[in-house]
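Input: a single structure, listed below in structure tokens.
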Protein chains: 2
Amino acid sequence: MTKPLAKSAISQKRVLDAAARIFRDYGYAGATMRVIAEEAGLKAGSLYYHYKSKDELISAVLDLGMNAAIEAMQTALAALPAEATGRQRLEVAFRTHVATIIANGDYSLATSRVYGQVPEAIRIQHQKLRDPYGLMWREILTTAQKRGEFRADANLTLARLLILGALNWTAEWFKPGSRSIDDVASGFAAIVMDGLAVPGGGSSG
Amino acid sequence: MTKPLAKSAISQKRVLDAAARIFRDYGYAGATMRVIAEEAGLKAGSLYYHYKSKDELISAVLDLGMNAAIEAMQTALAALPAEATGRQRLEVAFRTHVATIIANGDYSLATSRVYGQVPEAIRIQHQKLRDPYGLMWREILTTAQKRGEFRADANLTLARLLILGALNWTAEWFKPGSRSIDDVASGFAAIVMDGLAVPGGGSSG
DNA sequence: GTCTATAGCACGATAGAC
DNA sequence: GTCTATCGTGCTATAGAC
């Protein structure tokens, strides 16, 4: 659903990309308008033509990453056949989440690093975007459990927190080249679905 | 192994605790010496009696959290009987890691949030402490696999990254009161060991 | 749409009194 | 061991030329 940018929006996107990289590396307070401008090939005063304050700029960075994740996940899940199993849906969700995080790596890392440090009003506003994303994950897990594909006694809230913690951290360590995104996603899915232990190899309580 | 502090070290610890909270909330650059001093009940100039620069202060915050984790893990693993299974060792490691993270919550959150933003020299120095901690986890996993307790085809590097990502994120969402630390640790361990899926319920490739 | 220049303020760190 | 006072620097944001 990415549509071509109007000419007037191109330099705005260049400013946003630069801001994501600088916020990622220096944090919210440490990222200065001068350095962001330099990264975008501009002078500091010129930034204020595109964004009227530093807070508006960080808000835009936070929202872009989250919106990309929501959109990619909706598209990927909608493309699945109706008869897809819970395992298949979870695998697609893993793959889509990791792929989005890596594709928007500057934004993902900027978000996870500065989220706890931005002014509270900005964080509250951004949280409204996050909540529906968490609900999509919750829905995948509960549906699979209701269908009898997942253990009836599995704690799905803990499962969701484990999954999102593990997946979001990939932004910090994944380096393209050695392992592919699909390898990571399916390796993670295998562990979360089937576990590390040899089946039937001991007591599980 | 926590020994009583010398009188002269008490105010130093008070400064360090204050710094952890302020770095956690405002990031590396956003945490000012004036605000840290106020949190510690001092004036800005007085901080420099205890730490000779802001960089020395953030280094101390980073190192304290990591050293606490290493020490707690060594103690917990050493207390296990020699015949402990891989499952038991992994459960103890989960519980110890989460407990340490929550007990030192200010330091844990400060570390995970500012780590990517401190000057490179500080990060490189601190990384030397982190590496042996990762090795302890690697050892637990590979031993269990060699003994035949874990699947022979499990990717243990991915397993370690999944586990540490999930466990470290607990610092962001865990709130004492509703769920206990042990519930979280054993719930996570159950998923990682046995998986979410009903055993024998479908193809796993 | 980008520039230069600068107002007004806060920063890290130091000096020296007590 | 903590204070006050201050130096030199760098910050966000604005004004107005081009």
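Each chain gets a letter, A, B and so on, in the order the sequences are listed, and its residues count up from 1.
- Whole-Å rounding puts the A:Leu42 CG to C:dG1 P distance at 12 Å.
- Following rounding to the nearest Å, A:Ile10 (CD1) and C:dT2 (P) show an atom-to-atom distance of 11 Å.
- B:Ala31 comes within contact range of the sugar-phosphate backbone alone, with a heavy-atom separation under 4.0 Å but no base atom that close.
- If you take OH of B:Tyr48 and P of D:dT2, they are 15 Å apart, rounded to a whole angstrom.
- In this structure, CG of B:Leu47 is placed 14 Å from P of D:dG1, rounded to the nearest angstrom.
- Note that B:Lys54 lies in the cation-pi zone of B:Tyr28, set by a 6.0 Å cut-off to the ring centre and a 45° limit from the axis.
- Of the candidates C:dT2, D:dT2, C:dG12, C:dG12 carries the atom nearest the B:Thr32 side chain, counting heavy atoms from C-beta on.
- Distances shorter than 4.0 Å separate some side-chain N or O of B:Ser46 from OP1 or OP2 on D:dC3.
- The separation between B:Lys54 atom NZ and C:dT14 atom C1' is 17 Å, rounded to whole Å.
- Counting heavy-atom neighbours within 6.0 Å of A:Arg179 CZ, excluding the residue itself, gives a total above 12.
- Between the side chains of B:Tyr133 and B:Asn67, no donor N or O sits under 3.5 Å from an acceptor N or O.
- Between A:Lys43 and the phosphate of C:dC3, there is no side-chain N or O to OP1/OP2 separation shorter than 4.0 Å.
- For B:Arg34 and D:dT4, the CZ to P distance is 12 Å, given to the nearest whole Å.
- One can place CE of A:Met33 at 20 Å from P of C:dC9, the figure rounded to the nearest angstrom.
- Between B:His97 and B:Trp137, the ring planes lie perpendicular to each other; the angle is over 60°, past the 30° to 60° tilted range.
- Between the CD1 atom of B:Ile36 and the C1' atom of C:dC11 there is a distance of 12 Å, rounded to whole Å.
- Proximity of B:Tyr49 to the phosphate of D:dT2: no side-chain N or O atom is located under 4.0 Å from OP1 or OP2.
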